[in-house]
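Both counts, for ligands and for their atoms, begin at 1 and track the order of listing. Bear in mind that the values here come from a model prediction, so they are computed numbers and not experimental data.
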Amino acid sequence: MTEKNKPSESLSSGNAQKGNQSSLRLSTLTQAQLKTLIVQAKVQCKGGELPTYIPLLAKADPSWIAVQVQRIQGEKIAVGDIGCSFPLMSVIKPFVLLFLLEKLGSEAVFYRVGREASDQPFNSLAQLQADRGKPRNPMINSGAIALAGRLPGKDGASCCETLRQWLNQRSHSQLVLDEAMLQSVRSLPNERNHAIANLLAASGYLDHPEIALDTYNHVCCLSGTVRDLASLGMLLVQGSNMISPQHRCTVNDILITCGLYQASSRFAVEVGLPTKSGVSGAMVSVVPSQGAIACYSPALDEMGNSLAGLFIVQQLAQGLELSGLG
Ligand code: GLU
């Protein structure tokens with residue numbers, strides 16, 4: 001364990017003890033502790049890159065950090081730049097999966113996409129070729145584009161709107177489509193995603209590649225604050241009677257092994273919380289039976305995960321003993 005990964009003193013001392021009594025350890029976290037963690041993240045998480053292939057993402061301020069923790073028991077806590085609004089990008093992928101599981105059922109969904117981990121980059125064409133055109137999982141672009149093609153609607157905008165309304169209604173979030181971000185996504189050709197959509201169509205996993213790709217671009221531009229993201233995360237936490245427990249578990253299981261690009265397996269071992277990140281710097285973690293942690297900080301590590309987001313969730317998971325795996 002590196003110095004950076006050691007659980008923060010301020011968390012590991014008091015809360016774990018309380019946790020043994022209540023077993024709902026996220027509920028013991030205080031606003032002051034979360035504030036301290038943000039200060040530490042600012043010191044520890046220097047450097048990091050902003051993605052340039054979506055020009056508007058490169059305009060974010062890399063020093064922004066916002067965190068919201070929402071608990072089944074206990075109030076919400078939010079600290080940092082909580083007014084920042086950001087596009088979810090790949091963080092929307094588990095919620096596309098959840099929507100389709102609820103609407104179409106597991107068999108129809110997993111006919112089009114697998115549930116195996118991939119150690120290739122999120123937009124790998126080689127992985128899709130190696131798998132003979134069947135996407136390996138719903139958290140990489142090939143799987144998400146294949147599933148975007150199953151959202152109901154006549155075009156990208158209407159498919160995205162159906163998903164947006166469903167998510168806002170079920171989670172009480174206020175996601176909006178960021179039109180400027182969508183324009184920015186479209187401003188540079190994304191040849192890799194085009195090639196993925198075409199191969200999916202050629203191998204029979206996609207009917208209308210152009211619409212599916214446009215839908216995928218739209219849903220990646222659904223935007224909100226950490227408050228909205230934490231509310232979305234709560235859909236994956238036990239206790240929501242809006243979602244079938246079986247579908248919720250399916251999404252969480254896939255997130256454990258596939259949620260953080262090539263860092264997924266390392267994070268699963270070290271942290272053990274279902275988590276999804278996106279290239280905007282958004283990140284959401286599910287703490288089963290306890291709550292959700294939403295982070296936003298746009299500076300990314302070399303795999304595309306938010307540096308501060310990873311640090312904060314790692315500290316919380318270790319300091320409060322949140323992982324059910326230990
Ligand atoms: N729209 C982005 C892309 O396909 C999302 C990527 C991500 O957040 O991982 O490149």
Side-chain angles (χ1 to χ4, degrees), residues 48-60 86-97 113 117-128 135-149 151 156 159-160 163-164 175 177-200 206 209-224 229 232 254-255 258-264 267 275-285 294-307 309-310:
E49 298 284 326
L50 297 178
T52 50
Y53 74 100
I54 298 175
L56 211 46
L57 289 183
K59 297 222 162 111
F86 50 88
L88 297 179
M89 291 290 151
S90 274
V91 176
I92 197 65
K93 290 171 180 170
F95 301 101
V96 172
L97 173 62
V113 62
S118 161
D119 57 6
Q120 298 295 306
F122 66 99
N123 58 356
S124 171
L125 181 61
Q127 178 77 82
L128 187 61
R136 192 165 271 225
N137 72 63
M139 301 304 145
I140 52 177
N141 285 11
S142 55
I145 294 168
L147 291 188
L151 288 173
C159 293
C160 176
L163 178 70
R164 188 185 77 85
L175 300 177
L177 176 66
D178 183 339
E179 299 275 0
M181 191 59 65
L182 182 59
Q183 258 184 30
S184 185
V185 167
R186 288 167 165 164
S187 68
L188 296 177
N190 191 330
E191 274 146 23
R192 191 71 70 85
N193 282 351
H194 273 282
I196 287 173
N198 288 336
L199 179 51
L200 287 170
L206 199 55
E210 287 308 317
I211 297 179
L213 200 50
D214 195 36
T215 301
Y216 171 75
N217 286 336
H218 272 78
V219 298
C220 284
C221 293
L222 286 175
S223 301
L229 186 50
L232 275 185
I254 292 174
L255 282 181
C258 310
L260 290 170
Y261 311 116
Q262 296 105 300
S264 301
F267 194 82
T275 297
K276 186 73 198 89
S277 63
V279 290
S280 55
M283 199 167 122
V284 66
S285 294
C295 300
Y296 169 62
S297 184
L300 306 179
D301 67 12
E302 62 286 354
M303 290 181 199
N305 293 310
S306 167
L307 273 170
L310 284 182

Starting from atom 4 (O) of ligand 1, locate the nearest protein heavy atom and write down its residue, its atom name and how far away it is, to 0.1 Å.
-> Tyr216 OH, 2.8 Å
Taking non-hydrogen atoms only, is Val91 closer than 4.0 angstrom to ligand 1 via side chain, backbone, both or neither?
-> neither
Considering only heavy atoms of Asn193, which atoms of ligand 1 have at least one such atom less than 4.0 Å away?
-> 3 (C), 4 (O)
Side-chain donor-acceptor pair under 3.5 Å between Asn123 and Asn141, yes or no?
-> no
Find out whether the Lys NZ or Arg CZ of Lys276 is both under 6.0 angstrom from the six-membered ring centre of Tyr261 and within 45° of the ring's axis.
-> yes
Per-atom filter on ligand 1: closer than 4.0 angstrom to a heavy atom of Tyr261 are 7 (C), 8 (O), 9 (O)
Is there a heavy atom of Asn123 sitting under 4.0 angstrom from any atom of ligand 1?
-> no
Has the side chain of Asn305 got a donor or acceptor atom that lies under 3.5 Å from a matching backbone atom of Leu260?
-> yes
Ignoring hydrogens and angles, tell me if any N or O in the side chain of Ser184 forms a donor-acceptor pair with the backbone of Ala180 under 3.5 Å.
-> no
Just do the side chain to side chain contact (heavy atoms under 4.5 Å, CB included) check on Leu255 and Thr275 with the steps written out, would you?
-> CA-CA 6 Å; Leu255 282 181; Thr275 297; over 6 Å; no
Just going by heavy-atom distances, which of Pro51, Ala282, Gly278, Ser90 is nearest to atom 7 (C) of ligand 1?
-> Ser90
Minimum-distance protein heavy atom relative to atom 3 (C) of ligand 1 = Tyr53 OH, 3.4 Å
Any idea which atoms of ligand 1 are less than 4.0 Å away from a heavy-atom of Cys220?
-> 1 (N)
When you measure from the side chain of Arg136 to the backbone N and O of Gln127, does any donor-acceptor pair fall under 3.5 Å?
-> no
Roughly how far, to the nearest 0.5 Å, is the CE atom of Met181 from the CG atom of Leu222?
-> 12.0 Å
Could an N or O of ligand 1 be found under 3.5 Å from any N or O of Val279, whether backbone or side chain?
-> yes
If you measure every N/O of Lys93 against every N/O of ligand 1, is any gap under 3.5 Å?
-> no
